[in-house]
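Here's the structure, in C-alpha coordinates; my notes come after.
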Amino acid sequence: MPEGPSLYLLREEASVFRGKTVRNVVGNAKLDLERMRGRRLKAVRRWGKHLLLEFSDFTLRIHLLMFGSYRIDERKPGPPRLRLEFDNGEISFYTCSARYIEEPLDDLYDWSADVLEDAWNPRAARKKLLAEPSRLVCDALLDQNVFAGVGNIIKNEVLFRIGVHPASVVGQLPSRKLGELIREARQYSFDFLEWKRAYVLKKHWLVHTRRTCVRCEGPIRKLHLGVTNRRSFFCPHCQRLYTAQV
DNA sequence: ATTCATGTTGTGAT
DNA sequence: TATCACAACATGAA
(Lines give C-alpha, C1' and ligand atoms only; values in the text may rest on other atoms or scores of the structure.)
Protein backbone atom coordinates (compact mmCIF):
# COMPACT_ATOMS: atom_id res chain seq x y z
CA MET A 1 0.00 0.00 0.00
CA PRO A 2 2.06 2.82 1.26
CA GLU A 3 4.59 4.75 -0.78
CA GLY A 4 4.10 8.47 -1.34
CA PRO A 5 1.83 8.14 -4.41
CA SER A 6 -0.52 5.82 -2.53
CA LEU A 7 -0.73 8.39 0.23
CA TYR A 8 -1.38 11.03 -2.41
CA LEU A 9 -4.47 9.08 -3.47
CA LEU A 10 -5.51 8.55 0.14
CA ARG A 11 -5.27 12.29 0.72
CA GLU A 12 -7.42 12.92 -2.32
CA GLU A 13 -10.07 10.46 -1.18
CA ALA A 14 -10.03 11.66 2.41
CA SER A 15 -10.39 15.28 1.37
CA VAL A 16 -14.18 14.80 1.08
CA PHE A 17 -14.14 15.19 4.87
CA ARG A 18 -12.39 18.55 4.84
CA GLY A 19 -14.46 21.10 6.71
CA LYS A 20 -16.66 18.39 8.22
CA THR A 21 -17.21 17.78 11.91
CA VAL A 22 -16.19 14.54 13.59
CA ARG A 23 -19.44 13.07 14.90
CA ASN A 24 -18.03 9.84 16.28
CA VAL A 25 -14.63 8.22 16.81
CA VAL A 26 -13.84 4.61 17.60
CA GLY A 27 -10.76 2.41 17.50
CA ASN A 28 -8.04 0.67 19.45
CA ALA A 29 -5.36 3.29 18.92
CA LYS A 30 -3.54 4.23 22.09
CA LEU A 31 -4.61 7.82 21.78
CA ASP A 32 -7.18 10.09 23.37
CA LEU A 33 -9.61 9.63 20.49
CA GLU A 34 -12.27 11.69 22.25
CA ARG A 35 -10.13 14.68 21.57
CA MET A 36 -11.42 14.71 17.99
CA ARG A 37 -15.13 14.26 18.74
CA GLY A 38 -17.13 17.30 17.74
CA ARG A 39 -14.11 18.95 16.16
CA ARG A 40 -14.00 20.30 12.64
CA LEU A 41 -11.43 18.84 10.26
CA LYS A 42 -9.64 21.88 8.99
CA ALA A 43 -7.46 20.34 6.29
CA VAL A 44 -6.35 16.99 4.87
CA ARG A 45 -2.69 17.10 4.02
CA ARG A 46 0.15 14.73 3.28
CA TRP A 47 3.89 14.74 3.62
CA GLY A 48 5.82 11.82 2.19
CA LYS A 49 4.07 8.75 3.55
CA HIS A 50 2.27 10.64 6.31
CA LEU A 51 -1.43 11.48 6.14
CA LEU A 52 -2.13 14.61 8.15
CA LEU A 53 -5.63 15.34 9.42
CA GLU A 54 -5.38 18.87 10.65
CA PHE A 55 -7.59 20.37 13.32
CA SER A 56 -7.29 23.95 14.49
CA ASP A 57 -4.83 23.28 17.31
CA PHE A 58 -3.44 19.80 16.63
CA THR A 59 -3.04 17.25 13.86
CA LEU A 60 -3.68 13.53 13.66
CA ARG A 61 -0.80 11.86 11.85
CA ILE A 62 -1.46 8.49 10.24
CA HIS A 63 1.38 6.31 8.96
CA LEU A 64 0.38 3.06 7.25
CA LEU A 65 3.79 1.47 7.81
CA MET A 66 4.23 -1.70 5.76
CA PHE A 67 0.80 -3.34 6.06
CA GLY A 68 -1.56 -0.50 6.79
CA SER A 69 -4.86 -0.11 4.99
CA TYR A 70 -7.94 2.08 5.00
CA ARG A 71 -11.54 2.06 3.87
CA ILE A 72 -13.88 4.91 3.11
CA ASP A 73 -17.60 4.28 3.66
CA GLU A 74 -17.00 0.56 4.10
CA ARG A 75 -15.48 -1.59 6.82
CA LYS A 76 -13.10 -4.51 7.04
CA PRO A 77 -13.90 -7.27 9.52
CA GLY A 78 -12.47 -6.64 12.95
CA PRO A 79 -11.85 -3.49 14.91
CA PRO A 80 -10.11 -0.56 13.22
CA ARG A 81 -7.12 1.17 14.70
CA LEU A 82 -9.16 4.28 14.19
CA ARG A 83 -12.44 5.29 12.57
CA LEU A 84 -13.69 8.83 12.09
CA GLU A 85 -17.37 9.32 11.34
CA PHE A 86 -18.69 12.46 9.70
CA ASP A 87 -22.13 13.53 8.47
CA ASN A 88 -21.15 12.63 4.89
CA GLY A 89 -19.38 9.34 5.53
CA GLU A 90 -16.57 7.68 7.44
CA ILE A 91 -12.96 6.62 7.13
CA SER A 92 -11.38 3.65 8.89
CA PHE A 93 -7.68 2.93 9.28
CA TYR A 94 -6.20 -0.50 10.02
CA THR A 95 -2.77 -1.59 11.18
CA CYS A 96 -1.32 1.85 11.15
CA SER A 97 0.59 4.18 13.41
CA ALA A 98 -1.54 7.05 14.70
CA ARG A 99 -0.30 9.94 16.79
CA TYR A 100 -0.99 13.56 17.49
CA ILE A 101 1.22 16.39 16.41
CA GLU A 102 0.98 19.54 18.47
CA GLU A 103 3.21 21.85 16.45
CA PRO A 104 2.10 23.76 13.36
CA LEU A 105 2.80 21.51 10.36
CA ASP A 106 4.84 24.14 8.58
CA ASP A 107 7.26 24.14 11.52
CA LEU A 108 7.68 20.38 11.40
CA TYR A 109 7.63 19.44 7.75
CA ASP A 110 9.95 20.41 4.94
CA TRP A 111 7.51 20.43 2.03
CA SER A 112 10.33 20.99 -0.44
CA ALA A 113 11.64 17.50 0.37
CA ASP A 114 8.46 15.82 -0.88
CA VAL A 115 8.90 14.51 -4.41
CA LEU A 116 5.19 14.94 -5.21
CA GLU A 117 4.88 18.53 -3.99
CA ASP A 118 4.92 21.66 -6.12
CA ALA A 119 7.41 22.90 -3.56
CA TRP A 120 9.82 20.03 -4.38
CA ASN A 121 13.33 21.43 -4.57
CA PRO A 122 15.77 19.33 -6.61
CA ARG A 123 18.70 21.60 -5.79
CA ALA A 124 18.15 21.08 -2.08
CA ALA A 125 18.05 17.34 -2.71
CA ARG A 126 21.38 17.48 -4.52
CA LYS A 127 22.90 19.40 -1.66
CA LYS A 128 21.68 16.86 0.88
CA LEU A 129 23.00 13.99 -1.22
CA LEU A 130 26.42 15.53 -1.58
CA ALA A 131 26.58 16.14 2.16
CA GLU A 132 26.85 12.35 2.60
CA PRO A 133 28.82 11.28 -0.46
CA SER A 134 29.85 7.86 0.86
CA ARG A 135 26.30 6.56 1.08
CA LEU A 136 24.96 4.00 -1.33
CA VAL A 137 22.32 5.24 -3.75
CA CYS A 138 19.91 2.52 -2.57
CA ASP A 139 20.04 4.04 0.93
CA ALA A 140 19.95 7.64 -0.21
CA LEU A 141 16.77 7.12 -2.23
CA LEU A 142 14.98 5.79 0.84
CA ASP A 143 16.02 8.74 3.00
CA GLN A 144 12.78 10.55 3.72
CA ASN A 145 14.62 13.75 4.54
CA VAL A 146 15.91 13.83 0.98
CA PHE A 147 13.15 12.07 -1.00
CA ALA A 148 10.02 12.10 1.14
CA GLY A 149 7.52 9.65 -0.31
CA VAL A 150 10.01 7.41 -2.11
CA GLY A 151 9.75 3.77 -1.06
CA ASN A 152 11.38 0.52 -2.03
CA ILE A 153 9.51 0.00 -5.30
CA ILE A 154 10.22 3.51 -6.50
CA LYS A 155 13.85 3.08 -5.45
CA ASN A 156 14.30 -0.01 -7.59
CA GLU A 157 12.48 1.37 -10.61
CA VAL A 158 14.30 4.71 -10.55
CA LEU A 159 17.69 3.01 -10.48
CA PHE A 160 16.71 0.77 -13.37
CA ARG A 161 15.47 3.71 -15.40
CA ILE A 162 18.70 5.61 -15.02
CA GLY A 163 20.92 2.54 -15.39
CA VAL A 164 22.58 2.81 -12.00
CA HIS A 165 23.45 -0.15 -9.79
CA PRO A 166 21.91 0.12 -6.31
CA ALA A 167 25.26 -0.33 -4.58
CA SER A 168 26.73 2.69 -6.36
CA VAL A 169 28.25 5.35 -4.14
CA VAL A 170 26.47 8.71 -4.25
CA GLY A 171 29.67 10.72 -4.43
CA GLN A 172 30.96 8.65 -7.36
CA LEU A 173 28.01 9.41 -9.62
CA PRO A 174 28.78 11.88 -12.39
CA SER A 175 26.98 15.15 -11.77
CA ARG A 176 24.66 14.52 -14.70
CA LYS A 177 23.73 11.09 -13.37
CA LEU A 178 22.96 12.57 -9.97
CA GLY A 179 20.65 14.99 -11.74
CA GLU A 180 18.89 12.08 -13.44
CA LEU A 181 18.48 10.33 -10.11
CA ILE A 182 16.84 13.37 -8.59
CA ARG A 183 14.65 14.03 -11.61
CA GLU A 184 13.46 10.44 -11.90
CA ALA A 185 12.72 10.15 -8.19
CA ARG A 186 10.01 12.71 -8.85
CA GLN A 187 9.03 11.65 -12.35
CA TYR A 188 8.69 7.98 -11.50
CA SER A 189 6.62 8.89 -8.44
CA PHE A 190 4.13 10.67 -10.69
CA ASP A 191 4.11 7.72 -13.09
CA PHE A 192 3.53 5.39 -10.13
CA LEU A 193 0.67 7.65 -9.05
CA GLU A 194 -1.16 7.49 -12.36
CA TRP A 195 -0.62 3.73 -12.75
CA LYS A 196 -1.81 3.17 -9.20
CA ARG A 197 -4.85 5.31 -9.84
CA ALA A 198 -5.68 3.18 -12.88
CA TYR A 199 -4.99 -0.11 -11.03
CA VAL A 200 -2.23 -0.98 -13.49
CA LEU A 201 0.82 -0.34 -11.35
CA LYS A 202 2.33 -3.81 -11.17
CA LYS A 203 2.35 -4.46 -14.86
CA HIS A 204 4.53 -1.40 -15.32
CA TRP A 205 7.28 -2.62 -13.01
CA LEU A 206 10.38 -3.10 -15.12
CA VAL A 207 12.64 -4.58 -12.46
CA HIS A 208 10.92 -4.79 -9.08
CA THR A 209 10.14 -8.49 -8.36
CA ARG A 210 11.02 -9.42 -11.93
CA ARG A 211 13.30 -12.28 -12.89
CA THR A 212 14.37 -11.21 -16.34
CA CYS A 213 15.57 -7.87 -17.60
CA VAL A 214 13.11 -6.29 -20.06
CA ARG A 215 15.98 -4.61 -21.85
CA CYS A 216 18.72 -7.27 -22.27
CA GLU A 217 16.73 -10.35 -21.24
CA GLY A 218 19.49 -11.27 -18.77
CA PRO A 219 18.73 -12.38 -15.21
CA ILE A 220 17.65 -9.83 -12.59
CA ARG A 221 19.62 -10.03 -9.34
CA LYS A 222 17.96 -9.68 -5.96
CA LEU A 223 20.08 -8.61 -2.99
CA HIS A 224 19.45 -6.95 0.33
CA LEU A 225 21.78 -3.96 0.13
CA GLY A 226 22.87 -0.98 2.16
CA VAL A 227 22.25 0.00 5.77
CA THR A 228 18.54 -0.08 5.00
CA ASN A 229 18.94 -3.73 3.96
CA ARG A 230 15.90 -3.64 1.71
CA ARG A 231 15.37 -5.72 -1.39
CA SER A 232 17.22 -4.39 -4.37
CA PHE A 233 16.28 -5.78 -7.78
CA PHE A 234 18.66 -4.86 -10.56
CA CYS A 235 20.14 -5.92 -13.84
CA PRO A 236 23.91 -6.23 -13.47
CA HIS A 237 24.29 -5.79 -17.21
CA CYS A 238 22.14 -2.68 -17.70
CA GLN A 239 22.83 -0.93 -14.39
CA ARG A 240 26.33 0.42 -13.95
CA LEU A 241 28.13 0.26 -10.64
CA TYR A 242 29.76 3.57 -9.76
CA THR A 243 32.13 2.90 -6.93
CA ALA A 244 35.31 4.27 -5.42
CA GLN A 245 38.46 3.57 -7.37
CA VAL A 246 41.02 1.40 -5.61
C1' DA B 1 1.62 -24.12 5.45
C1' DT B 2 5.22 -21.01 5.62
C1' DT B 3 7.70 -17.19 4.20
C1' DC B 4 8.23 -12.67 3.42
C1' DA B 5 7.34 -7.78 2.33
C1' DT B 6 5.34 -0.96 -0.80
C1' DG B 7 8.11 0.93 6.70
C1' DT B 8 9.26 3.20 10.88
C1' DT B 9 10.17 3.54 15.79
C1' DG B 10 11.89 2.25 20.12
C1' DT B 11 14.97 -0.32 23.00
C1' DG B 12 18.98 -1.98 24.79
C1' DA B 13 23.83 -2.98 23.85
C1' DT B 14 28.20 -1.10 22.80
C1' DT C 1 26.48 10.65 25.37
C1' DA C 2 26.01 8.85 20.87
C1' DT C 3 25.56 5.37 17.66
C1' DC C 4 24.07 1.08 16.08
C1' DA C 5 21.66 -3.39 15.36
C1' DC C 6 17.75 -5.52 15.84
C1' DA C 7 13.08 -6.40 17.72
C1' DA C 8 8.46 -5.08 17.41
C1' DC C 9 4.42 -4.12 15.06
C1' DA C 10 0.93 -7.24 12.31
C1' DT C 11 -1.59 -8.46 7.37
C1' DG C 12 -2.11 -10.88 3.38
C1' DA C 13 -0.06 -12.43 -1.07
C1' DA C 14 2.65 -15.90 -3.13
Side-chain angles (χ1 to χ4, degrees), chain A residues 1-13 27-31 46-52 59-71 74-83 92-101 108-110 113-116 131-132 134-161 166 184-212 220-234:
Chain A
M1 188 77 255
E3 298 194 22
S6 299
L7 268 289
Y8 188 102
L9 295 171
L10 167 54
R11 194 215 68 84
E12 271 187 3
E13 294 176 54
N28 56 23
K30 293 179 180 63
L31 280 183
R46 177 198 61 85
W47 181 87
K49 302 163 190 168
H50 300 190
L51 180 72
L52 301 163
T59 298
L60 175 68
R61 190 201 80 177
I62 301 286
H63 197 302
L64 297 177
L65 302 175
M66 195 95 91
F67 320 126
S69 61
Y70 67 94
R71 293 289 186 275
E74 52 182 64
R75 299 178 179 188
K76 295 176 73 171
R81 178 64 35 83
L82 179 73
R83 172 180 302 132
S92 303
F93 298 97
Y94 305 87
T95 327
C96 62
S97 155
R99 49 167 273 202
Y100 289 123
I101 292 171
L108 198 60
Y109 288 107
D110 175 7
D114 188 308
V115 295
L116 291 169
E132 294 179 76
S134 63
R135 280 208 297 191
L136 304 189
V137 292
C138 61
D139 290 329
L141 271 167
L142 292 174
D143 185 338
Q144 299 299 293
N145 291 314
V146 183
F147 297 109
V150 169
N152 204 40
I153 297 170
I154 297 174
K155 174 197 83 178
N156 284 322
E157 294 294 321
V158 165
L159 291 172
F160 182 78
R161 270 192 178 182
E184 285 300 334
R186 176 172 167 89
Q187 182 56 52
Y188 187 83
S189 295
F190 279 109
D191 291 344
F192 183 124
L193 170 63
E194 294 312 324
W195 291 328
K196 180 91 183 176
R197 195 194 290 284
Y199 305 101
V200 294
L201 176 63
K202 277 188 192 178
K203 76 172 189 183
H204 287 277
W205 291 346
L206 299 183
V207 69
H208 189 77
T209 72
R210 297 194 69 120
R211 305 190 61 173
T212 311
I220 294 298
R221 299 272 305 274
K222 181 183 100 166
L223 293 173
H224 288 73
L225 296 175
V227 296
T228 46
N229 202 35
R230 304 291 303 280
R231 289 195 301 176
S232 282
F233 294 89
F234 61 97

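Protein chains get the first letters and strands the later ones, always in sequence-line order, with residue 1 at the start of each. When reading the values below, keep in mind they use all heavy atoms of this one structure, side chains included, and skip hydrogens, waters and symmetry mates.
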For this session: When you get a sec, tell me which of B/dA5, B/dT9, B/dT8 is the closest nucleotide to the side chain of A/Q144?
Result: B/dT8
Exercise. Base, sugar-phosphate, or nothing for A/R99, non-hydrogen atoms under 4.0 angstrom?
Worked result: nothing
For this session: List the steps and the verdict of side-chain hydrogen bond (donor to acceptor under 3.5 Å, both in side chains) for A/K49 and A/S6.
Result: CA-CA 8 Å; A/K49 302 163 190 168; A/S6 299; over 6 Å; no
Exercise. Is it true that A/K196 and A/E3 make a salt bridge, defined as a side-chain N closer than 4.0 Å to a carboxylate O?
Worked result: no
Exercise. Rounding to a whole Å, what distance do you find between A/W195:CH2 and B/dT6:P?
Worked result: 18 Å
For this session: Check the distance between B/dC4's P and A/N152's CG and give it to me in whole angstrom.
Result: 16 Å
For this session: Take the protein atom CE of A/M66 and the nucleotide atom C1' of C/dA13, then report the distance between them rounded to whole Å.
Result: 13 Å
For this session: Return yes when atom CZ of A/R11 has more than 12 non-hydrogen atoms of other residues, nucleotides or ligands closer than 6.0 Å, and no otherwise.
Result: yes
Exercise. Out of B/dG7, B/dT6, C/dT11, which nucleotide sits closest to the side chain of A/H63?
Worked result: B/dG7
Exercise. Want to know the stems of DNA chain B: at least 3 consecutive Watson-Crick or G-U pairs with distances under 3.5 Å, which are they?
Worked result: B:2-5 with C:11-14, B:7-14 with C:2-9
Exercise. Taking the same atom, C1', in C/dA5 and in B/dT6, what whole-Å distance lies between them?
Worked result: 23 Å
Exercise. Between atom CG in A/L51 and atom P in B/dT6, what is the gap in whole Å?
Worked result: 22 Å
Exercise. Between C/dT11 atom P and A/F93 atom CZ, what is the distance in whole Å?
Worked result: 16 Å
Problem set entry | Between P of B/dC4 and CG of A/N229, the distance in whole Å | 13 Å
Exercise. For atom OH of A/Y8, is the number of surrounding heavy atoms from other residues, nucleotides or ligands below 6.0 Å larger than 12?
Worked result: no
For this session: Select base, sugar-phosphate, or nothing to describe what A/H224 touches, counting heavy atoms under 4.0 Å on all strands.
Result: sugar-phosphate
Problem set entry | Pairwise 5' ranking along DNA chain C for A/Y94 and A/V227, keeping only the more 5' one | A/V227
Exercise. For A/R231 and B/dT6, is the shortest distance between a side-chain N/O and OP1 or OP2 below 4.0 Å?
Worked result: yes
Seminar exercise, completed: Tightest non-hydrogen contact, residues A/F147 and A/A140, listed as CD1-O, 3.4 Å
For this session: Verify the contact: side-chain N or O of A/K196 to OP1 or OP2 of B/dT6, cut-off strictly under 4.0 Å; return yes or no.
Result: no
Problem set entry | Whichever of A/K202 and A/L65 has its nearest DNA chain C nucleotide further upstream toward 5' | A/L65
Exercise. What is the nucleic acid contact for A/K155, judged by heavy atoms within less than 4.0 Å: base, sugar-phosphate only, or nothing?
Worked result: nothing
Exercise. Just how far is it from atom CH2 of A/W195 to atom NZ of A/K203, taken to the nearest 0.5 Å?
Worked result: 10.5 Å
For this session: Between B/dT9, B/dG7, C/dG12, spot the one nearest the side chain of A/K76, thanks.
Result: C/dG12
Problem set entry | Nucleotide C/dA13, atom P - distance to CH2 of A/W205 in whole Å | 13 Å
Exercise. Does any N or O in the side chain of A/E157 come within less than 3.5 Å of the main-chain N or O of A/H208, such that one atom is a donor and the other an acceptor?
Worked result: yes
Problem set entry | Short side-chain N/O contact to B/dG7 OP1/OP2 from A/R230, under 4.0 Å | yes
For this session: Any chance you could measure A/N152, atom CG, to A/T228, atom OG1, to the nearest 0.5 Å?
Result: 7.5 Å
Exercise. Are any of A/K49's side-chain N or O atoms less than 4.0 Å away from OP1 or OP2 of B/dT6?
Worked result: no
Exercise. Could you give the CZ-to-P distance, from A/F67 to C/dA14, as a whole number of Å?
Worked result: 15 Å
For this session: Check whether any side-chain N or O of A/H208 sits under 4.0 Å from OP1 or OP2 of B/dT6, and answer yes or no.
Result: yes
For this session: Determine the contact category for A/K222: base if any of its heavy atoms lies under 4.0 Å from a base atom, sugar-phosphate if only primed atoms, P, OP1 or OP2 are that close, otherwise nothing.
Result: sugar-phosphate
